[in-house]
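These notes concern the structure reproduced below.
No hydrogens, no waters, no symmetry mates; every other heavy atom, side chains included, goes into these values.
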Amino acid sequence: VFIRRFGAARPVLAVLNNEDRPVSLSIRSLGDAFADGELTELTGKAHDLAVRNGRLSGQIAARTLLALTPETRSAEAIARN
C-alpha cells in the first residue's frame, strides 16, 4: 500500500497483491487524505475496498494492482494538502 499526493489534486492509493490468492486487508491510519467512504478505482477495476472507521478494509483479488482515490473529500482536507 502506497499513497501519492500531487499538490491539491486527489491523492492516489496504490494497493498491490502479488499473491496467488485473494488477500483481506484491514489497514489503520491512511492520514487525513482518505475520509470514511467508498473508493474509486482509476482504471475501472471492480473492488470492495473502502475506508470505514479510519481503516482501509476489504479484499483484493490475486495478482491485482489497484489505483484508488477517495470518492469525495471535504474542503478542509483539500486545503490541508
Side-chain angles (χ1 to χ4, degrees):
V1 175
F2 176 79
I3 296 174
R4 177 70 179 171
R5 295 182 186 185
F6 301 99
R10 291 186 301 173
V12 175
L13 174 67
V15 181
L16 173 67
N17 177 7
N18 198 33
E19 297 287 328
D20 291 326
R21 61 180 175 75
V23 172
S24 293
L25 295 177
S26 182
I27 299 172
R28 188 170 170 255
S29 185
L30 294 175
D32 62 356
F34 290 85
D36 284 2
E38 301 300 313
L39 300 168
T40 299
E41 208 290 322
L42 296 175
T43 67
K45 292 179 187 171
H47 68 92
D48 73 348
L49 296 175
V51 179
R52 296 178 189 94
N53 299 319
R55 299 182 78 84
L56 173 67
S57 59
Q59 192 171 82
I60 182 170
R63 303 281 182 185
T64 299
L65 173 63
L66 301 174
L68 305 166
T69 61
E71 289 263 331
T72 60
R73 291 192 309 155
S74 69
E76 182 180 271
I78 292 169
R80 283 194 298 263
N81 293 325

Residue pair Val12 / Ala67: nearest heavy atoms and the distance that separates them: CG1-CB, 4.3 Å
Side-chain (Asn17) to main-chain (Thr64) donor-acceptor, under 3.5 angstrom: no
Shortest non-hydrogen contact between Pro11 and Ile3, atoms and distance: CB-CG2, 4.4 Å
Flag, side chain of Asp48 to backbone of Gly58, donor-acceptor distance under 3.5 Å: no
Non-hydrogen atoms of Arg52 and Asp36 that approach each other most closely: C-OD1, 3.7 Å
Heavy-atom check, side chain of His47 versus side chain of Leu68, under 4.5 Å: yes
Partners passing side chain to side chain donor-acceptor pair (under 3.5 Å) against Glu19 (at least two apart in sequence or in another chain): none
Nearest-0.5 Å distance that lies between atom CG in Leu13 and atom CZ in Arg4: 13.5 Å
Reported CG-to-OG distance for the pair Leu25 and Ser57, which is rounded to 0.5 angstrom: 8.5 Å
Non-hydrogen side-chain atoms of Arg55 and Ile27 separated by less than 4.5 Å: no
Leu39 vs Leu66, side chain to side chain contact (heavy atoms under 4.5 Å, CB included): CA-CA, chis, key distance, verdict: CA-CA 10 Å; Leu39 300 168; Leu66 301 174; over 6 Å; no
Reported CD-to-CG distance for the pair Glu38 and Leu49, which is rounded to 0.5 angstrom: 10.0 Å
